[in-house]
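Here is the structure we will look at.
From a predicted model like this one, the values you see are computed outputs, not experimental measurements.
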Amino acid sequence: MTEPTTPAENDGLLAVKRPAISFEFFPPKTEEMERSLWETINRLAPLEPEFVSVTYGAGGSTRERTHSTIARILKETALLPAAHLTCVGASRGEIDEIVDRYHEVGVRHIVGLRGDPVGGIGTPYIPHPDGYQSSPELVAGIKKRHADIEVSVSAYPEKHPQARDFDADIDTLKAKVDAGATRAITQVFFDNDLYFRYLDRVRARGINIPIVPGIMPMHNFKQARAFVTRTGTTVPNWLAEKFDGLDNDADTRKLVAATVAAGQVHKLAKHGVDTFHFYTMNRADLVFAISHLLGIRAKSAQKAA
């Protein structure tokens, strides 16, 4: 993240520097979901994201599907993939082998995470007896094995739900940075003040890596709220009220979701944030629209213009 940019006049509107973006996908479970994912990837690829990440299921449950999705992205697109990797349910030897496989096929970016407990969010986290015990250990293990792999990690503007307190949570982030992490991507948040207060705390601790805001357009508000609240994100009342009465009106929900997310990123951009990570939920429409509103155009559209 750079220092705040100075707005410039553009067709009578205030504009800021074109931000950098990245997208997150999850590995498909069925052939139909695979077709949908690749339609999404092909729709978003012309926006030229900095990278695209592919998640890893709870307990490492999607390990092979994550790897095959990453391999196909490398083979069939010009996108730079980042593979999610967790400590859960695997020994150090197994994790090291996965890292070696990624490196062999050309992956040079890993999102290193502790991961959710095998029993799911809300259950106790029990490290594998022969595995990496924490995310800082995992980051150190990746960097020791392949120094040319960039490692991104997670950050929590409302603190990790299992952290003792904010100071302990930032201690963990500092340990991840000391182990070699060069970027942190935040958990979803809807109140920008939470992000800026968190950024102040992090910078006060001498952590200077980019803290990239994670943005989630709410395609289905009720489902999204249930998910993000389990991971410690606060959903403010003003946001819930915007979706009142829209349970059976998907088209209007999409318009509201795009408006809310676009407003959030515009306000962040006006305060100097120049990089965003979008949790796409394997859908292109809202993310594409929000990117367009940010001034990001598909490469083909730029040529046509």
Side-chain angles (χ1 to χ4, degrees), residues 19-86 98-99 101-113 115 149-150 152 185 188 212 214-220 223-224 227-228 250-251 253-255 257-258 261-262 265 275-294 296-304:
I21 54 175
S22 55
F23 304 131
E24 179 179 294
F25 306 119
F26 60 84
K29 295 180 180 179
T30 65
E31 288 186 12
E32 183 180 354
M33 290 175 71
E34 177 135 2
R35 283 193 298 272
S36 177
L37 169 62
W38 281 90
E39 288 172 1
T40 294
I41 290 173
N42 290 330
R43 173 72 165 147
L44 295 177
L47 298 178
E48 298 185 317
E50 297 291 300
F51 65 91
V52 297
S53 67
V54 181
T55 64
Y56 203 66
S61 58
T62 65
R63 183 180 302 162
E64 289 305 318
R65 285 187 277 118
T66 299
H67 191 279
S68 63
T69 302
I70 289 283
R72 185 174 172 187
I73 289 172
L74 279 167
K75 182 179 180 181
E76 298 184 16
T77 78
L79 298 170
L80 293 175
H84 285 223
L85 186 61
T86 71
I98 293 167
V99 174
R101 284 179 63 197
Y102 278 134
H103 192 270
E104 186 177 345
V105 299
V107 173
R108 295 296 183 270
H109 187 177
I110 287 177
V111 181
L113 307 164
I149 290 181
E150 178 184 8
S152 294
I185 301 168
V188 177
V212 181
I215 305 296
M216 178 188 285
M218 308 284 268
H219 294 88
N220 184 314
Q223 288 182 4
F227 172 74
V228 301
D251 289 341
R253 282 204 314 266
K254 285 171 61 175
L255 289 171
V265 296
T275 310
F276 299 93
H277 185 73
F278 288 100
Y279 297 104
T280 70
M281 308 306 292
N282 287 11
R283 297 179 62 169
D285 47 3
L286 295 189
V287 172
F288 193 94
I290 295 161
S291 298
H292 183 90
L293 291 170
L294 280 171
I296 297 169
R297 301 291 184 265
K299 192 173 183 181
S300 58
Q302 290 174 331
K303 286 182 178 178

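- The two residues Asn42 and Pro46 have their closest heavy-atom pair at O-CD, 3.2 Å.
- Side-chain contact check for Tyr279 versus Ile185: some heavy-atom pair is nearer than 4.5 Å.
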Quiz prompt | Verdict with supporting geometry, Tyr56 and Leu113, side chain to side chain contact (heavy atoms under 4.5 Å, CB included) | solution = CA-CA 9 Å; Tyr56 203 66; Leu113 307 164; over 6 Å; no
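- Legend: residues meeting salt bridge (charged side-chain N to carboxylate O under 4.0 Å, His left out) with Arg35, ordered by chain and number and at least two apart, are absent.
- Of all heavy-atom pairs spanning Val188 and Met216, the tightest one is CG2-CB, 3.8 Å.
- Evaluation of the salt bridge (charged side-chain N to carboxylate O under 4.0 Å, His left out) test over residues 72-84, restricted to residues two or more places apart or in two chains, returns Glu34-Arg72, Arg72-Glu76.
- Within the model, atoms CD1 of Ile215 and CD of Glu24 stand 12.5 Å from one another, a figure rounded to the nearest 0.5 Å.
- How far OG1 of Thr69 is from CG of Leu37: 6.0 Å, rounded to the nearest 0.5 Å.
- Atom CZ in Phe278 sits 12.5 Å away from atom CZ in Phe288 (nearest 0.5 Å).
- With sequence neighbours excluded, the residues that form a salt bridge (charged side-chain N to carboxylate O under 4.0 Å, His left out) with Arg108 are Asp148.
- Shown here are the salt bridge (charged side-chain N to carboxylate O under 4.0 Å, His left out) partners of Glu150, two or more places apart in sequence or in another chain: Arg183.
- Between Trp38 and Thr77, the closest heavy-atom pair is CZ3-CG2, 3.8 Å.
- To the nearest 0.5 Å, atoms OG1 (Thr40) and CG (Leu44) are separated by 6.5 Å.
- Take His103 and apply the ring-ring contact (aromatic ring centres under 6.0 Å, His included) test, not counting sequence neighbours, and it matches His146.
- Residues passing the salt bridge (charged side-chain N to carboxylate O under 4.0 Å, His left out) test with Arg283 are Asp285, sequence neighbours excluded.
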Practice problem: Evaluate side chain to side chain contact (heavy atoms under 4.5 Å, CB included) for Val52 paired with Ile41, printing each intermediate quantity in order. | Solution: CA-CA 9 Å; Val52 297; Ile41 290 173; over 6 Å; no
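- Applying the side-chain hydrogen bond (donor to acceptor under 3.5 Å, both in side chains) rule to Ser22 yields the partners His277; only residues at least two apart in sequence or on another chain are considered.
- Ile21 and Ser291 get closest at one heavy-atom pair: CD1-OG, 3.9 Å.
- Take His109 and apply the ring-ring contact (aromatic ring centres under 6.0 Å, His included) test, not counting sequence neighbours, and it matches Phe51.
- With sequence neighbours left out, the side chain to side chain contact (heavy atoms under 4.5 Å, CB included) criterion links Ala45 to Leu79.
- Partners of Phe23 by ring-ring contact (aromatic ring centres under 6.0 Å, His included), not counting sequence neighbours: none found.
- With Thr66 contributing its side chain and Thr55 its backbone, the two residues share a donor-acceptor pair below 3.5 Å.
- Of all the heavy atoms in Asn282 and Ser36, the pair that sits closest is O-OG, 4.1 Å.
- Of the inter-residue distances, the one linking Ile149 atom CD1 with Ile110 atom CD1 reads 4.0 Å to the nearest 0.5 angstrom.
- Looking at residues two or more places apart in sequence or on another chain, you find a side chain to side chain contact (heavy atoms under 4.5 Å, CB included) between Ala258 and Leu286.
- The minimum heavy-atom distance linking Ala257 with Met218 is given by the pair CB-O, 3.3 Å.
- Annotation: side chain to side chain contact (heavy atoms under 4.5 Å, CB included) contacts of Ala289 (sequence neighbours excluded): none.
- Between the OG1 atom of Thr280 and the NE2 atom of His219 there is a distance of 7.5 Å, given to the nearest 0.5 Å.
- When atom types are taken as modelled, the side chain of Arg65 and the backbone of Pro28 share a donor-acceptor pair closer than 3.5 angstrom.
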